[in-house]
Amino acid sequence: MLEEKKEELKPSVSFIEQFIIDDLKEGKNNGRIHTRFPPEPNGYLHIGHAKAICLDFGMAQKYGGKCNLRFDDTNPVKEEVEYIDSIKEDIRWLGFDWEIREYYASDYFGKLFDFAVDLIKKELAYVDDQSADIISSQKGTPTQPGTESPFRRRPVKENLDLFYKMNEGEFEEGSRVLRAKIDMTTPNMHMRDPIIYRIIKTPHHRTGSKWMVYPMYDFAHGQCDYFEGITHSLCTLEFEIHRPLYDWFIDQLKTGDYKPRQIEFNRLNLSFTMMSKRKLLELVQESKVSGWDDPRMPTLCGLRRRGYTPEAIRRFIDLIGYTKVEAINDVSLLEHAVREDLNIKAPRVFGVLEPLKIIITNYPEGKVEEVEIVNNPEDESMGTRKVPFSREVYIEKDDFMENPPHKFFRLAPGMEVRLKGAYIIKCENFKRNEKSGAIEEVYCTYDPLTRSGGHASEKKVKGTLHWVSAQHAIDAEIRLYDRLFDHEDPAGQKDDDYRKFLNPSSLKILNGCKLEPSLRHVKPLDKFQFQRLGYFCVDYGSTESHPVFNRTVSLKDTWAKINK
RNA sequence: UGCUCCGUGGUGUAAUUGGCAACACAUCUGACUCUGGAUCAGAAAAGUUCAGGUUCGAGCCCUGACGGAGCAACCA
């Protein structure tokens, strides 16, 4: 029986890991494993990138290999230094380390240029003088073969001369390109004499104005892997069809048996959000969110600010796996992952979001008791703390009802509840605002014998509420975040713009929330469980005089479900 | 109507490479609880897109349908 259990728990590996294991077993690359994570510095990293990062760094780590960080900076028009720092920060935060191996595609511009010259000499590349439109129309369509460029048979010497002049800035942008000479009739569009170099006069953030001619991604990526000795080039599914082209280049370049092996996997799609960098940038530019690190964004900096931990994100990535099926993963699995992690780590505290004042009429005025409260029932080592209790306390508005439905285990006229860690109180009466009709104050009596931990504390009541002593409370701003979109796949609707699905209540800002005094000295990114409510994280903009907390995720709420 | 890839509970993944379809999330019960959290116990939910074939035996191999995704940027 035990044996069976063990067998069942044997972890299965992804198809990619299986390939790696097999390659290692066969002794390929002398048992070496070397991967790389190749972001383009044109935006912030999101959780989809985390999936790639975990694989690239994870496989190297697990099998005693290395993983390079390489910025794919082949297009100076779109890329900015600003992004490089954020990308590095996010990778480190996630828990991975490229050590000294920080590279740039631009490190290889010289080698790539030489290789292009080499291709020209081998009559495998030519300069095309046609416009983008003409070249594009000659490409054909996926169902129709393309036609050859009139410049395809240009003599080597002329090609060489023109290519050098392109790089010397003698021609306008767009006037000429260098193309690989492959096959205009193959069904694979990427092999139809792809453009490999274009003229760009915008200075590059690293190489300045040294180059006037820049390699296309397809001409750089595979070769960079080759130059770096990458053994396994892991990338997403959409590059599958590019693989024959990469192989074609490497076959022209390689001098031995070594050749990177590209393996493609499914990109991460998360329900109720989107991963398109372009669209995320639009959200930022159109101020639909406060920035790249808005806690509603699926970016790593957004998730960080939201209160997610690297452990939770890695755990989530681990749970979803790597396959070749295009899938949409349920956000609730991500939420499960943070709850699981924060449940163990986050200290419990009392915070009242929408305060309702309780006056304990038989409690002596001016008296203050310090009650001792466990910081985390999941982890005894986190100890206890003292929380002041007094005659007037705040409870959650939702925790009182004048006419409670069946199974409402909270406060209502004549009902008893425990104030967690303190006393059992009974609701005797309440005061209503004459104009609005809203309940303003609730009057209770307490039973002095029921103090937690005391002799009569065994007395049972059905409900336990969190509370904050009114005179000791800290005022705080609390931001309740919810899903940015109210459609499961906002960017996947052909007839509707994703903006149509922005969730109007994705952010609710609450002010005048009441927190227990132990929360006075907190710093950004500190995480807590506000008892019975959810996990909250101190925002970057938080100060001692104006504390701000972001809700990471609510606790599971069975009552909310019953109530629906 | 070309090429490439992919079809397993609601969702995401497994299935010792041909041997009674398993796990997680979500859902629903119940127990416990000084968090309507956590924890614990349990339930419902796919017969593996379909049709043939090989085989004692097919989710897995073969054939053919059907369905989905990707591919025609001087983007990556």
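Below, chains carry the letters A, B, ... as their sequence lines are ordered, and counting in each starts from 1.
Rounded to the nearest Å, the gap between the P atom of B:U16 and that of B:G52 is 26 Å. Distance noted for atom P between B:G18 and B:U39: 39 Å (whole Å). The gap from the P atom of B:C5 to that of B:G10 amounts to 28 Å, rounded to the nearest Å. The same atom, P, is picked in B:G30 and in B:G9; the two are 29 Å apart, to the nearest Å.
Taking a pair to require two hydrogen-bonding distances under 3.5 Å in either a Watson-Crick or a G-U wobble arrangement, B:U27 pairs with B:A43. Across all strands shown, B:G36 remains unpaired; no Watson-Crick or G-U wobble contact has both distances below 3.5 Å.
Salt bridge A:Asp107/A:Arg206: present, at least one basic N to carboxylate O contact under 4.0 Å. A:Glu238 and A:Arg267 are joined by a salt bridge, as a carboxylate oxygen and a charged side-chain nitrogen come within less than 4.0 angstrom of each other.
Residues A:Lys78 and A:Gly463 each lie close to RNA chain B; by heavy-atom proximity, the contact nearer the 5' end of the strand is made by A:Gly463.
Residue A:Arg532 places its side chain closer to B:G36 than to any other of B:C25, B:G36, B:C74.
Looking at A:Glu378, its side chain comes within 3.5 Å of the base of B:G37 through a donor and an acceptor atom. In the interface, the side chain of A:Arg410 is paired with the base of B:G36 through a donor and an acceptor atom under 3.5 Å apart. Looking at A:Gln529, its side chain comes within 3.5 Å of the base of B:U35 through a donor and an acceptor atom.
Between A:Tyr83 and A:Phe71, the gap from one ring centroid to the other reaches at least 6.0 Å.
One atom, CZ of A:Arg348, and another, P of B:C34, lie 16 Å apart when rounded to the nearest Å.
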